2 protein chains.
Amino acid sequence: MADVKTGGRARGIDRVIALMEHLHGLRAPARIADIARDTGTPRSTVYELVNTLVEARWLELRDGDGMVYFGPAMHYYGSDYLDSVDLIRKARGEVTHLSESVGETAQFCMLDGDKYLVVLNEPGRRMFRLSSEIGIKVPIPWTASGRLLVDHMAPQEIRAFIPAEDFTLPDGRQIVEEEFLRDIAQAREAGFVRTTALVDRFTTCMAAPVRDPAGRCIATICFVVPADTEADQQAMMIDELKASAARLSGAR
Amino acid sequence: MADVKTGGRARGIDRVIALMEHLHGLRAPARIADIARDTGTPRSTVYELVNTLVEARWLELRDGDGMVYFGPAMHYYGSDYLDSVDLIRKARGEVTHLSESVGETAQFCMLDGDKYLVVLNEPGRRMFRLSSEIGIKVPIPWTASGRLLVDHMAPQEIRAFIPAEDFTLPDGRQIVEEEFLRDIAQAREAGFVRTTALVDRFTTCMAAPVRDPAGRCIATICFVVPADTEADQQAMMIDELKASAARLSGAR
DNA sequence: GATCGATGCCCGAAATATCGGACAAAGTGA
DNA sequence: TCACTTTGTCCGATATTTCGGGCATCGATC
């Protein structure tokens, strides 16, 4: 993305973008020397930039152990972004409501290019939480929601749209394209989709589509629960999802 | 903060910081030409930087009307920040729970320098929502929570800490210092604070202190409600706040 | 207490990113 | 239709920021 020519001289802004992306990838504070090594930025440059960014509250020095991580300014800017996107702002309300009332992890997801993206995640009340990091991108076929998000495309469009390697699950299993296409048709018919033990053995995902006025699925709202969740409980959750998704689809 | 010498030549990163702060101040998309004018940045430079930032998803072009505003990357970085700060992460749960169960706007606030700062805001279910923008800073005496956040200081410390002009309310009224100090003592005694019609005529704020092991108030959790809310309802809300604050104080 | 690695800062040199201005394209209004 | 404003891109010059290397400090390990 921000391609910094390693070795050469680069703009401060590009160095900063690389730095922030690196921290986002780590999802943990990092030492300045490590940032320099891992992003291919000269050490003195990183010190210089980090000082600037800390002063602007974009970054924060942690603990006193010389580590840096995102600072409060990022939270402010991020909140501004969420408030500015109408659909996401409304989805926030639905996701918190679902998570709070049902007590399970609820998410709001969209497409980003040819990848599936978790935009909002609100954990449930379980001891061992199932949840995803905000902003992670995942191959579309690995997810329940993915089956809804491409349901406006023709089969050959889908084949062209999703990279071939994305049909390989993390454990090496292949998702058969015909089954994937059948799932999509079924999901469209039923108005929801459920997958069990897809990317791992113990989770079930249930998702309902948020559609634009033209009927195209632009987002999904979903629950992530343990695979052994009772069937009637799951049925109730699917009804909740459909209701939320309908509210979001209408509210445009 | 990011002081850009107007007129002179400046680093890209300083221009970018000024740009982002400007957008955060506006809380609305802006046209590129306006950004250039308002931040004192040369037009060609803004175009150059905006292109870079849009590519990195830090900014987004809106609508097609040539306006820019924060992009999804800010949301990701901001979420990372929230997750990384233990107290804030836990506070998120409390704030959403309070807002959801009581149906009123709940907030989590801290000090930032000598100003009061809204860190988390979760609106209630009213038709006309009372809420604050994330990241706004407000003079300490204007707020209920402010009376808790300085309660570890001696009177003369407080006088030295809070700028004199911060005792003037937006409508020009003066907050009498003696009353302010008495409020603080009372709040400390009672374990909560309530103010009515302080910055405006129709709101009541109730807040409870989150304290560190040494007993110092490091944050507050609060409700913002219409001033005509029933007394027993308010009493219930104060109990909820105290319980939440106690959980946050203990969970360290 | 000596060695080693890591941290943080400083400085001079030069590679280059910023800036001003010019220009085409797209609106706007009369 | 023409005049005028606004938007977005391009280009060359130079003021400046990046970069590499050096140095003092600090802690850990032996």
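Below, chain A is the first sequence line, B the second, and so on; all start at residue 1. This one's a predicted model, so the numbers in the text were calculated from it and none came from an experiment.
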Practice task
Write down the distance between CG (B:L49) and C1' (D:dT9), rounded to a whole number of angstrom.
Solution key: 15 Å
Practice task
Output yes when at least one side-chain N/O atom of B:R11 is less than 4.0 Å from OP1 or OP2 of C:dT18, else no.
Solution key: no
Problem - Atom pair distance, as rounded to whole Å: CG in A:N51 and P in D:dT18 - result: 12 Å
Exercise for the section: To the nearest Å, give me how far apart CG (B:D14) and P (C:dA17) are. Expected result: 16 Å
Exercise for the section: Could you tell me whether the phosphate oxygens of D:dC19, OP1 or OP2, come under 4.0 Å of any side-chain nitrogen or oxygen in A:R15? Expected result: yes
Handout entry: Residue among A:F70, A:Y76, A:Y77 satisfying ring-ring contact (aromatic ring centres under 6.0 Å, His included) with B:Y77
Key = A:F70
Practice task
Starting from the C-alpha separation in whole Å, work towards a yes-or-no answer on side chain to side chain donor-acceptor pair (under 3.5 Å) for B:E122 and B:S99.
Solution key: CA-CA 6 Å; B:E122 199 58 45; B:S99 151; 5.0 Å; no
Exercise for the section: Taking all non-hydrogen atoms of both residues into account, name the closest pair between A:I88 and A:L120 and its distance. Expected result: O-CD1, 3.9 Å
Handout entry: OP1 or OP2 of D:dC19 under 4.0 Å from side-chain N/O of A:T45
Key = yes
Completion exercise
For A:R159, the salt bridge (Lys or Arg N to Asp or Glu O under 4.0 Å) test, sequence neighbours excluded, returns A:E177
Handout entry: Aromatic centroids of A:Y81 and B:Y69 separated by under 6.0 Å
Key = no
Practice task
Nearest whole angstrom, please: distance from the P of C:dT7 to the CZ of A:R62.
Solution key: 18 Å
Problem - Length of the line joining B:E48:CD and C:dT16:P, which is rounded to integer Å - result: 15 Å
Practice task
Kindly say whether B:I35 contributes a backbone atom to a donor-acceptor pair with the side chain of B:T39 at under 3.5 angstrom?
Solution key: yes
Practice task
Ignoring the backbone of A:I32, work out which of D:dG20, D:dT18, C:dG8 is nearest its side chain.
Solution key: C:dG8
For nucleotides 4-7 of chain D, tabulate all protein N/O to nucleotide N/O atom pairs closer than 3.5 Å, reporting atom names and distance.
residue: D:dT7; atom: OP1; partner: B:R31; partner atom: NE; Å: 2.8

Fill in the blank from the handout: Applying ring-ring contact (aromatic ring centres under 6.0 Å, His included) to B:Y47 and not counting sequence neighbours gives none
Practice task
Just compare D:dT9, C:dC19, D:dC19 and give me whichever is closest to any side-chain atom of B:T41.
Solution key: C:dC19
Practice task
Specify the separation, in whole Å, of atom CZ of A:R37 and atom P of C:dG5.
Solution key: 15 Å
